[in-house]
Amino acid sequence: MKNSNNILAEYGTTIFATMSALAQEHNSINLGQGAPDVDGPKEIREVAAKALIGGPNQYPSMIGVPELLKAVARHNKRFYGLDVDPNSEVVITSGATEALCACFMGLLNPGDEVVLIEPLYDSYLPIIRHIGAIPKLVRVEPPHWELPREELEAAFSEKTKMLVLNSPMNPSGKVFNDDELAFLAGLVEKYDAYAVCDEVYEHLVFEGHEHRPLMTYPGMRDRCMKIGSAGKTFSLTGWKIGYITAAPALMKAIMKAHQFLTFTIPPALQLGIAHGLEFGDDYYKTFTQEMQDQRDQLAAGLREVGFKVLDTHGTYFLTCDFSPLGFDGDDAAFCRYITEKAGVTAVPTGAFYQQDGPSHFVRFCFCKQPSLLEEAVRRLKDHFSD
Ligand code: PMP
Ligand code: GLN
């Protein structure tokens, strides 16, 4: 048989699916893959259900249903003061995953350089490399996740087409601050580049921190592609509804990819999310507060188990150093071990680096009911106190 695509063949099954399968096999509490254990607002699901029954259920407009396009534009104004034209500057995608792919496919040519900051969400590199673009990796590392400014400056050049920025950042929980964002905006402008801004955790930013889209910085309005995910904002990860906001010229390029990738997105689900985006401030405040309480609960519990728990300012992930527990093995082995022996699953932080990532950190997800988090901590305590 002739071979399949060489680049994709290099990659195994994603760490999220792998760890979830292992968790299931061992009946383990899955704090690996980032997915809430309670479905998002019933009101959103009711609007979608009504539209599913009442129709129409045929192909909607390629950019998205007008209700959702307008809701995304208004959301940008309401939270970030951005003026966005719903007809020429928004497209609805199949999750942030398609949004990322459409931005990469729409903008990149073979040989273009793309600056990325590790740790990386797993879909970025395979797609960028598949296109033939060249990743320039710069890393932030636990425990402080500090931005290495000199290395970043060195990674940019005249060949740089694009920066990929994930803030709040998975899995580090880092929320890029004003100074860091201004620095990155300066580089993007200096090298006449674009920025793909993965902001799926925009509403998961905790006390003392603020999410500021790179798009709001001077010179960035027409260079940024700002990506959101209803899966994260409304705890409906299975729906795979994403949205891109970008200037009309960029949107034209993105649409060339979107039309061939998915073309359109289920209209009933779009209507449900349009309804959700218009929720009052109460929804967003309660959502963030509950997640913050769960973060604090899990962090305190894991500290009692003996982990060194790093601070998380955004996302629904906690990074923990397991070296105080005296385990003899790397992060992947530790995740397998606690799944099999303690009945709790995490994902290895090293998996978010292309190579030679940190080897004694793991990521626990806290978007779970307090009772489940409590049980997970109890299991870990029972195991490690023996
Ligand atoms: N980017 C990051 C950083 C993520 O954590 C996720 C979560 N899966 C995605 C993109 C993809 O989001 P979606 O499920 O909307 O495709
Ligand atoms: N974004 C989620 C995570 O980081 C899950 C993504 C996935 O399963 N593909 O865990």
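For clarity, every value in this text was computed on a predicted model and none was experimentally measured. FYI, side chains are in, hydrogens and waters are out, and symmetry mates aren't considered; it's all heavy atoms of this structure. Both ligands and their constituent atoms are indexed starting at 1 by order of listing.
A donor-acceptor contact under 3.5 angstrom links the side chains of Ser20 and Asn30, judged on distance only. At a cut-off of 3.5 Å, with distance as the only test, a side-chain donor of Thr345 or Thr339 sits close to an acceptor on the other residue.
Residues His383 and Tyr337 place their aromatic rings such that the two centres sit under 6.0 Å apart.
Under the salt bridge (charged side-chain N to carboxylate O under 4.0 Å, His left out) criterion, Glu153 pairs with no residue at all, not counting sequence neighbours. Annotation: ring pair (Phe, Tyr, Trp, His ring centres under 6.0 Å) contacts of Tyr124 (sequence neighbours excluded): none.
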Pairwise, report which nitrogen or oxygen atoms of ligand 2 are under 3.5 angstrom from protein nitrogen or oxygen atoms, and how far apart they are.
residue	atom	partner	partner atom	Å
ligand 2	1 (N)	Lys232	NZ	3.2
ligand 2	4 (O)	Asn170	ND2	2.8
ligand 2	4 (O)	Arg363	NH1	2.9
ligand 2	8 (O)	Gln33	NE2	2.6
ligand 2	9 (N)	Tyr121	OH	3.2
ligand 2	10 (O)	Gly34	N	2.7
ligand 2	10 (O)	Arg363	NH2	2.6

Put together the list of close N/O pairs, under 3.5 Å, between ligand 1 and the protein, could you?
residue	atom	partner	partner atom	Å
ligand 1	1 (N)	Asp198	OD1	3.4
ligand 1	1 (N)	Asp198	OD2	2.5
ligand 1	5 (O)	Asn170	ND2	2.9
ligand 1	5 (O)	Tyr201	OH	2.6
ligand 1	8 (N)	Tyr121	OH	2.9
ligand 1	8 (N)	Lys232	NZ	3.1
ligand 1	14 (O)	Lys240	NZ	3.2
ligand 1	15 (O)	Ala96	N	2.8
ligand 1	15 (O)	Ser229	OG	2.8
ligand 1	16 (O)	Ala96	N	3.1
ligand 1	16 (O)	Thr97	N	2.9
ligand 1	16 (O)	Thr97	OG1	2.6
ligand 1	16 (O)	Lys240	NZ	2.6

Exercise for the section: Could you walk me through whether Gln297 and Asp293 pass the side-chain hydrogen bond (donor to acceptor under 3.5 Å, both in side chains) test, one step at a time? Expected result: CA-CA 6 Å; Gln297 182 195 343; Asp293 293 346; over 6 Å; no
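Salt-bridge check for Asp83 with Arg221: failed, with every basic side-chain N at 4.0 Å or more from each acidic carboxylate O.
With Arg363 as the partner, the side-chain hydrogen bond (donor to acceptor under 3.5 Å, both in side chains) test is satisfied by one option alone out of Asn170, Thr319, Thr349, Thr312: Asn170.
For Gln24, the CD atom sits in a loose shell: 12 or fewer heavy atoms of surrounding residues, nucleotides or ligands are nearer than 6.0 Å.
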